[in-house]
Amino acid sequence: MNRFTKAAAIGLVLAMAAPMAAEAQNRGDRRENRRDYREDRRDDRREFRQERRDDRRDWRRGEYDNRRDFRQDRRDDRRDFHRERRDDRRDFRRDQRWDRNNRDWWRDRNDFRDYRGARNGYWYAPSYGYYRVEPRYYGQRWQRGHYLPSSYRGYYVRDPYVYGLRPAPRGYRYVHAGNDIVLIAIATGLIASVLSGVY
């Protein structure tokens, strides 16, 4: 082989080797780039998950604080509402309670809106209205130990407090009987006590 052919062969080999070397270099760089890219993506995902976790934790903590504040506010509002209601009730009851010395204490009460005074042959029960009474019971003076007839036991006193009465014991009820309020045993109608001349 002459020199020229050798030089041409070497040149050809070099010409082919250079792109192959470059290709190999590029392949190595691409592999390296892909690895870097994957690691970057993995790091990004990890940071994203961590941030989401932190955000959720902060959100939960914020929600928990909000809920706690909301519950506390509701508790305070309820307490204030009940206190005001109790005060209003106390004021109302003080103004609207039965007073033995005041014959007109009942005048502006809703449960007495139908009351027009005593009617012959009738009794009046607040919130119930007038109802017919057997002649033998009209003007009856109820006493402890007597029995209230069963037909008159259903006219319960709705708010004993208005009349200055304590809550009825278990098994007993306050009942309107004419102008009196009697405490009776529910089962038998036996009169335990009498508050007479209420209106």
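Index from 1, following the sequence.
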(request) Check step by step if salt bridge (Lys or Arg N to Asp or Glu O under 4.0 Å) holds for Arg42 and Glu39. (result) CA-CA 5 Å; Arg42 204 174 296 127; Glu39 285 177 10; 5.3 Å; no
(request) Calculate, to the nearest 0.5 Å, the distance between atoms OH and CG belonging to Tyr172 and Leu183 respectively. (result) 7.0 Å
(request) With rounding to the nearest 0.5 Å, note down the distance linking OH in Tyr152 to CD1 in Ile184. (result) 13.5 Å
(message) side-chain contact (heavy atoms from CB on, under 4.5 Å), that's the test. Do Val198 and Asn179 meet it? Break it down for me.
(response) CA-CA 6 Å; Val198 175; Asn179 284 350; 5.7 Å; no
(message) Test of understanding: clusters of I, L, V, M, F, W, Y form through side-chain heavy atoms closer than 4.5 Å, transitively. Do Val157 and Tyr128 belong to the same one?
(response) no
(request) Can you establish whether the number of heavy atoms outside Arg38 located under 6.0 Å from its atom CZ is more than 12? (result) no
(request) List in chain and number order the residues that pass side chain to side chain contact (heavy atoms under 4.5 Å, CB included) with Gln50, two or more places apart in sequence or in another chain; answer none if no residue qualifies. (result) Arg53, Asp54
(request) Over all heavy atoms of both residues, which pair between Tyr137 and Trp123 is shortest? Give the atoms and the distance, please. (result) O-CZ2, 3.4 Å
(request) Using atom types as modelled and distance alone, determine if a side-chain donor or acceptor of Arg173 lies under 3.5 Å from a backbone N or O of Gly154. (result) no
(request) Can you label the angle between the Tyr131 ring and the Tyr155 ring as parallel, tilted or perpendicular, going by 30° and 60°? (result) parallel
(message) Using the side chain to side chain contact (heavy atoms under 4.5 Å, CB included) criterion, which residues pair with Arg79? Sequence neighbours excluded.
(response) Arg75, Asp76, Arg83
(message) How long is the straight-line distance from CZ of Arg52 back to CZ of Arg49, given to the nearest 0.5 Å?
(response) 9.5 Å
(message) I'd like to know if Leu195 and Val162 are part of one continuous hydrophobic network [Ile/Leu/Val/Met/Phe/Trp/Tyr, side-chain heavy atoms within less than 4.5 Å].
(response) yes
(request) Can you tell me which residue pairs pass the salt bridge (charged side-chain N to carboxylate O under 4.0 Å, His left out) test with a partner in residues 162-171, sequence neighbours excluded? (result) none
(message) Checking Arg56 now: which residues fulfil salt bridge (Lys or Arg N to Asp or Glu O under 4.0 Å) with it, not counting sequence neighbours?
(response) none
(message) Can you classify the ring geometry of Tyr115 versus Tyr124 as parallel (below 30°), tilted (30 to 60°) or perpendicular (above 60°)?
(response) tilted
(request) Share the residues that join Phe81 in a hydrophobic cluster, the rule being Ile, Leu, Val, Met, Phe, Trp or Tyr side chains under 4.5 Å apart at the heavy-atom level. (result) none
(message) Does anything in residues 139-149 form a side chain to side chain donor-acceptor pair (under 3.5 Å)? List the pairs, not counting sequence neighbours.
(response) none
(request) Step through the shown structure and confirm whether more than 12 heavy atoms of other residues, nucleotides or ligands are within 6.0 Å of OH on Tyr130. (result) yes
(request) Would you name the heavy atoms of Tyr122 and Val133 that are closest together and state the gap between them? (result) C-CG2, 4.0 Å
(request) Might you point out which heavy atoms bring His176 and Tyr163 nearest each other, and give the distance in Å? (result) CE1-OH, 3.7 Å
(request) Give the minimum heavy-atom separation between Val182 and Ala177, together with the two atoms involved. (result) CG2-CB, 4.2 Å
(message) In this structure, would Tyr138 and Val175 fall into the same cluster of hydrophobic residues linked by side-chain contacts under 4.5 Å?
(response) yes
(message) Test your reading of the model: is there a side-chain donor-acceptor pair from Asp180 to the backbone of Gly197, 3.5 Å cut-off?
(response) yes
(request) Grab the two heavy atoms, one from Tyr174 and one from Pro167, that are nearest each other, plus how far apart they are. (result) CE1-C, 4.2 Å
(message) Nearest 0.5 Å, please: how far is CG in Asp36 from CZ in Arg41?
(response) 14.0 Å
